[in-house]
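Provided herewith is a single structure, encoded as structure tokens, for subsequent inquiry.
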Amino acid sequence: MKIAVLGAGALGCALGGALAQAGNDVVLINRNRAHVEAIRANGLRLRQPDGERSVVVRAETDCSALGPVDLVVVLVKSFHTAEAIRAAAPLVGADTVVLSLQNGLGHEDILADAVGRERVVAGKTYVGGVMLAPGHILSGTAGKETLIGELDGPTSARVERIAACFAAAGLATTVSANIMGTVWDKLLINVATGAVSGITGLAYGPLYRIAEIEATAVAAVQEAMDVARASAVQLSYTDPRAAWTKAAAGLPGDFKTSMLQSLEKGSVTEIDFINGAVVRWGQRSGVATPVNATLVACIKGIERARAAI
């Protein structure tokens with residue numbers, strides 16, 4: 001397939017690198033010029049459990065010199081989605097599919113407004129990546145599941161083709177007939193730990209040793225589950241504590257959530273697409289979400305305070 005990865009940071013490079021190694025025509029798009037130049041000069045360097053390799057793959061800072069592709073994989077930060085998909089117009093042809101693998105909830109609506117709902121498919125991935133240096137990625141793809149599906153439920157030939165392409169690249173990929181349920185399942189994981197980690201500044205080790213934090217996290221997840229049920233979303237979780245437990249499964253004690261990492265860098269977080277999404281959906285469905293609303297307020301206050309430093 002001809003594939004563009006829009007927002008090819010650590011995760012986008014881990015996925016795009018695997019797809020390129022499998023023989024797909026991949027272009028990595030990232031606004032960071034140093035990152036793009038390093039890939040052009042040395043290939044994409046991937047550090048994996050079985051060793052390190054360099055993958056020859058095209059990299060660009062924008063889409064202006066590119067033409068239509070079969071698949072656009074969207075992995076930009078949530079708050080850049082609208083801007084990024086507008087700038088990616090040269091990538092979108094008559095048969096292009098746009099796949100969001102972003103964290104949080106609400107990207108599909110933004111993408112649909114830009115390119116048409118009929119082009120958009122949704123997904124979630126548990127693949128990991130860490131940026132070691134420009135053009136150099138610690139890639140975690142082995143055994144990490146990716147799920148994709150049509151927004152309205154039934155499977156289709158196009159999502160089966162994308163799943164087969166990903167699977168052939170060593171990416172464990174499943175087609176879901178309940179992709180919005182899958183999106184919400186992953187949202188619960190982010191709701192459980194992102195905001196409480198960002199507010200406290202704690203990595204997973206100390207975070208999981210404080211009973212009051214656990215109680216707050218579980219209450220936030222319960223609110224999200226109540227909102228999902230009121231919105232006729234089919235979840236796989238029945239116990240909010242299970243999301244709190246799964247969030248840390250297999251991760252080291254010094255692991256930091258992306259929300260905490262963003263705050264430490266002085267960046268805006270994706271709070272509006274995680275706990276903020278729960279609050280918005282709760283307002284639509286008439287379900288109160290005071291815990292999530294409080295977490296959103298605290299994170300926004302920290303963002304403002306750090307921006308003023």
Side-chain angles (χ1 to χ4, degrees), residues 7-15 30-36 38 45 47 74-81 83-84 101-107 125-140 144 186-210 212-214 216-217 220-221 243-244 246-279 291-309:
L11 174 55
C13 284
L15 288 166
N30 190 298
R31 294 189 298 182
N32 185 322
R33 183 165 294 280
H35 180 54
V36 167
R45 295 168 60 203
R47 182 183 298 175
V74 183
L75 280 165
V76 296
K77 288 292 188 181
S78 299
F79 43 82
H80 289 317
T81 303
E83 173 192 0
L101 289 177
Q102 299 156 282
N103 277 333
L105 183 68
H107 316 93
T125 185
Y126 293 88
V127 167
V130 176
M131 184 83 70
L132 300 174
H136 191 194
I137 306 298
L138 176 62
S139 173
K144 300 296 185 181
K186 180 70 184 294
L187 180 72
L188 298 182
I189 301 294
N190 297 130
V191 165
T193 60
V196 292
S197 175
I199 292 165
T200 61
L202 294 176
Y204 272 12
L207 188 78
Y208 272 73
R209 289 195 289 268
I210 301 174
E212 291 85 353
I213 289 177
E214 178 178 347
T216 299
V221 174
W244 165 257
K246 183 169 181 178
L251 294 172
D254 60 354
F255 179 83
K256 295 181 179 181
T257 63
S258 60
M259 197 169 295
L260 175 55
Q261 292 181 59
S262 293
L263 290 171
E264 289 181 338
K265 289 187 294 186
S267 301
V268 176
T269 72
E270 296 180 299
I271 190 70
D272 285 332
F273 292 83
I274 300 175
N275 305 79
V278 174
V279 174
V291 176
N292 281 280
T294 301
L295 294 174
V296 171
C298 291
I299 290 291
K300 287 195 174 276
I302 294 170
E303 289 176 348
R304 180 66 60 85
R306 288 183 179 269
I309 293 175

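Every heavy atom of this structure was used, including side-chain atoms; hydrogens, water molecules and symmetry mates were not.
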Suppose we screen for side chain to side chain contact (heavy atoms under 4.5 Å, CB included). Which residues come up paired with Ala8, at least two apart in sequence or across chains?
Val5, Cys13, Leu28
Between Lys186 (side chain) and Thr125 (backbone), is there a donor-acceptor pair under 3.5 Å?
yes
Across all chains, not counting sequence neighbours, the side chain to side chain contact (heavy atoms under 4.5 Å, CB included) partners of Val268 are Phe79, Glu303
Scanning both residues in full, the closest heavy-atom pair of Leu260 with Gly201 reads CD1-CA, 3.7 Å
Atom of Pro206, atom of Gly253 and distance for their closest heavy-atom approach:
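For Pro206 and Gly253, the tightest heavy-atom pair comes out as CD-O, 4.2 Å.
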Which residues share a side chain to side chain contact (heavy atoms under 4.5 Å, CB included) with Ala277, sequence neighbours left out
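Per chain and number, Ala277 pairs via side chain to side chain contact (heavy atoms under 4.5 Å, CB included) with Leu105, Arg280.
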Please examine the side chains of Leu202 and Ser197, heavy atoms only from C-beta on, and report whether any two atoms are closer than 4.5 Å.
no
Quick one: does Thr81's side chain have a donor or acceptor within less than 3.5 Å of a partner on Ser78's backbone?
yes
Closer than 4.0 angstrom, basic N to acidic O: yes or no for Glu264 and Arg306?
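Looking at Glu264 and Arg306, the cut-off is not met.
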Scan side-chain atoms only and decide if Ser258 and Glu270 contain a donor-acceptor pair under the 3.5 Å cut-off.
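Short answer, no.
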Among residues at least two apart in sequence or on other chains, which ones pass ring pair (Phe, Tyr, Trp, His ring centres under 6.0 Å) with His35?
none
Atom CZ of Arg47 and atom CG of Leu132: how far apart are they, to the nearest 0.5 Å?
5.0 Å
So, the side chain of Asn292 versus the backbone of Ala220: is there a donor-acceptor pair under 3.5 Å, distance only?
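Yes: the side chain of Asn292 pairs with the backbone of Ala220.
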Looking at Ser262, is its backbone amide N or carbonyl O close enough to the side chain of Thr269 to form a donor-acceptor pair, meaning the two atoms are under 3.5 Å apart?
no
How long is the gap from NE2 on His107 to CD on Gln102, to the nearest 0.5 Å?
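Result: 4.0 Å between the selected atoms.
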Which residues satisfy the side chain to side chain contact (heavy atoms under 4.5 Å, CB included) test with Glu83, sequence neighbours excluded?
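Here the qualifying residues are Arg31, His80, Arg86.
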If I compare all heavy atoms of Pro134 with all of Ala34, which pair ends up nearest, and what's the gap?
CB-O, 3.7 Å
Would you say the side chain of Leu101 lies within less than 4.5 Å of the side chain of Val127, judging by non-hydrogen atoms?
no
Validation row: Val278, Leu187 side chains within 4.5 angstrom (heavy atoms):
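SC-SC contact between Val278 and Leu187 confirmed.
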Pair listing, side-chain hydrogen bond (donor to acceptor under 3.5 Å, both in side chains) test, anchored in residues 198-208, at least two apart
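Listed once each, the pairs are Thr193-Tyr204.
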